[in-house]
*Asks:* 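The structure under discussion is supplied below as structure tokens; questions concerning it will follow.
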Amino acid sequence: MSRYDYGINLGMFQGQAFETLTVTTGAPIVLSSSVYNPKTMRALITLEGGAARYRYDTIAPTATTGHYVSSGDTIGINGIPNMKQFQMIAISGTATAMVTYEGEIR
């Protein structure tokens, strides 16, 4: 999982599903496994309205621990194992995570 400039390779994958998640300081959010499917290859996440931290190593992030992302940043998560372990928490206030799940173009 990493942050990429997705503008250069969006055409390599096909959008399969979309969800909007509210990210707060209360508890880390996780991606909804009911939304993506076994053929999903990656998730593209954009963060809006605030800063957050994320982890994908089975340990929950906190407001001070984890990878920092600010409003407008993009995160790419490759592979279902990483999607299952992804967790994000707001640093302060509330943010919104826009998530598109993608698979191979057929």
Side-chain angles (χ1 to χ4, degrees):
M1 177 166 69
S2 59
R3 292 164 60 176
Y4 295 107
D5 176 5
Y6 276 87
I8 60 172
N9 63 12
L10 279 174
M12 295 173 56
F13 298 92
Q14 181 176 17
Q16 296 177 332
F18 180 86
E19 70 175 327
T20 302
L21 300 170
T22 301
V23 186
T24 68
T25 58
I29 59 109
V30 297
L31 301 179
S32 303
S33 61
S34 62
V35 177
Y36 60 83
N37 66 61
K39 295 188 181 209
T40 300
M41 298 180 70
R42 71 178 189 177
L44 172 67
I45 302 170
T46 55
L47 188 65
E48 299 178 6
R53 293 193 182 269
Y54 71 90
R55 292 181 69 154
Y56 58 103
D57 61 352
T58 72
I59 298 172
T62 68
T64 58
T65 305
H67 298 282
Y68 176 85
V69 287
S70 61
S71 183
D73 282 350
T74 301
I75 304 166
I77 305 171
N78 295 307
I80 288 179
N82 288 328
M83 287 183 249
K84 286 181 178 179
Q85 295 182 149
F86 179 84
Q87 299 179 68
M88 177 182 280
I89 194 164
I91 292 174
S92 65
T94 302
T96 302
M98 304 287 185
V99 185
T100 297
Y101 297 99
E102 302 174 323
E104 287 186 48
I105 293 177
R106 306 253 173 201

*Asks:* Please give me the minimum heavy-atom distance between Ile89 and Val23, naming the atom from each residue.
*Replies:*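 Taking every non-hydrogen atom into account, C-CG1, 3.6 Å.
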
*Asks:* Output all residues satisfying side chain to side chain contact (heavy atoms under 4.5 Å, CB included) with Ser71, sequence neighbours left out; order by chain, then residue number.
*Replies:*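 For Ser71 there are no side chain to side chain contact (heavy atoms under 4.5 Å, CB included) partners, ignoring immediate neighbours.
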
*Asks:* Can you check side-chain contact (heavy atoms from CB on, under 4.5 Å) on Val99 and Tyr36, steps first, answer last?
*Replies:* CA-CA 10 Å; Val99 185; Tyr36 60 83; over 6 Å; no

*Asks:* Measure the spacing between CE of Met41 and CZ of Phe13 and express it to the nearest 0.5 Å.
*Replies:*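 Reported to 0.5 Å precision, the distance equals 5.0 Å.
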
*Asks:* Taking all heavy atoms of Ala63 and all of Ala90, pick out the closest pair and write down the distance.
*Replies:*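 Scanning both residues, the minimum pair turns out to be CB-O, 4.4 Å.
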
*Asks:* Taking the side chain as C-beta and beyond, is there a heavy-atom pair between Gln87 and Arg55 under 4.5 Å?
*Replies:*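 No; the side chains remain at least 4.5 Å from each other.
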
*Asks:* Hydrogens and angles aside, do Tyr101 and Glu19 bring a side-chain donor and acceptor to less than 3.5 Å of each other?
*Replies:*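 Yes.
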
*Asks:* Calculate, to the nearest 0.5 Å, the distance between atoms CD1 and CD belonging to Ile59 and Gln85 respectively.
*Replies:*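 Rounded to the nearest 0.5 Å, the CD1-CD separation comes out at 10.0 Å.
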
*Asks:* Are the side chains of Ser32 and Leu21 in contact, using a 4.5 Å heavy-atom criterion?
*Replies:*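 They are in side-chain contact.
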
*Asks:* Can you tell me how far the CG atom of Asn82 sits from the CG atom of Asp57, to the nearest 0.5 Å?
*Replies:*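 One finds 10.0 Å between CG of Asn82 and CG of Asp57.
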
*Asks:* Would you give the length of the straight line joining atom CD1 of Ile77 to atom CZ of Arg42, rounded to the nearest 0.5 angstrom?
*Replies:*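 The CD1 atom of Ile77 sits 11.0 Å away from the CZ atom of Arg42.
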
*Asks:* Other than Phe18, which residues form its hydrophobic cluster under the rule that side-chain heavy atoms must be closer than 4.5 Å?
*Replies:*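 For the cluster that includes Phe18, the remaining residues are Met98.
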
*Asks:* Should Tyr56 and Met83 be regarded as members of a common hydrophobic cluster, given that ILVMFWY residues are connected when their side-chain heavy atoms come within less than 4.5 Å of each other, either directly or indirectly?
*Replies:*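 They do share one cluster, since a chain of ILVMFWY contacts under 4.5 Å joins Tyr56 to Met83.
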
*Asks:* Evaluate the side-chain proximity of Arg53 to Thr65: yes if any heavy-atom separation is below 4.5 Å, no if none is.
*Replies:*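 They are not in side-chain contact.
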
*Asks:* Do the non-hydrogen side-chain atoms of Ile45 and Phe86 ever get within less than 4.5 Å of each other?
*Replies:*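 When only atoms from C-beta onward are counted, Phe86 and Ile45 do touch, with a gap below 4.5 Å.
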
*Asks:* Within a strict 4.5 Å, meaning less than it, do heavy atoms of the Met88 and Ile75 side chains meet?
*Replies:*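 Answer yes - side chains close enough.
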
*Asks:* Report yes if the side chains of Ile29 and Thr22 come closer than 4.5 Å at any heavy-atom pair, otherwise no.
*Replies:*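 Of all side-chain heavy-atom pairs linking Thr22 with Ile29, none is under 4.5 Å.
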
*Asks:* Starting from Val30 and following side-chain heavy-atom contacts under 4.5 Å between hydrophobic residues (I, L, V, M, F, W, Y), which residues can be reached?
*Replies:*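 Traced through the cluster, Val30 reaches no other member.
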
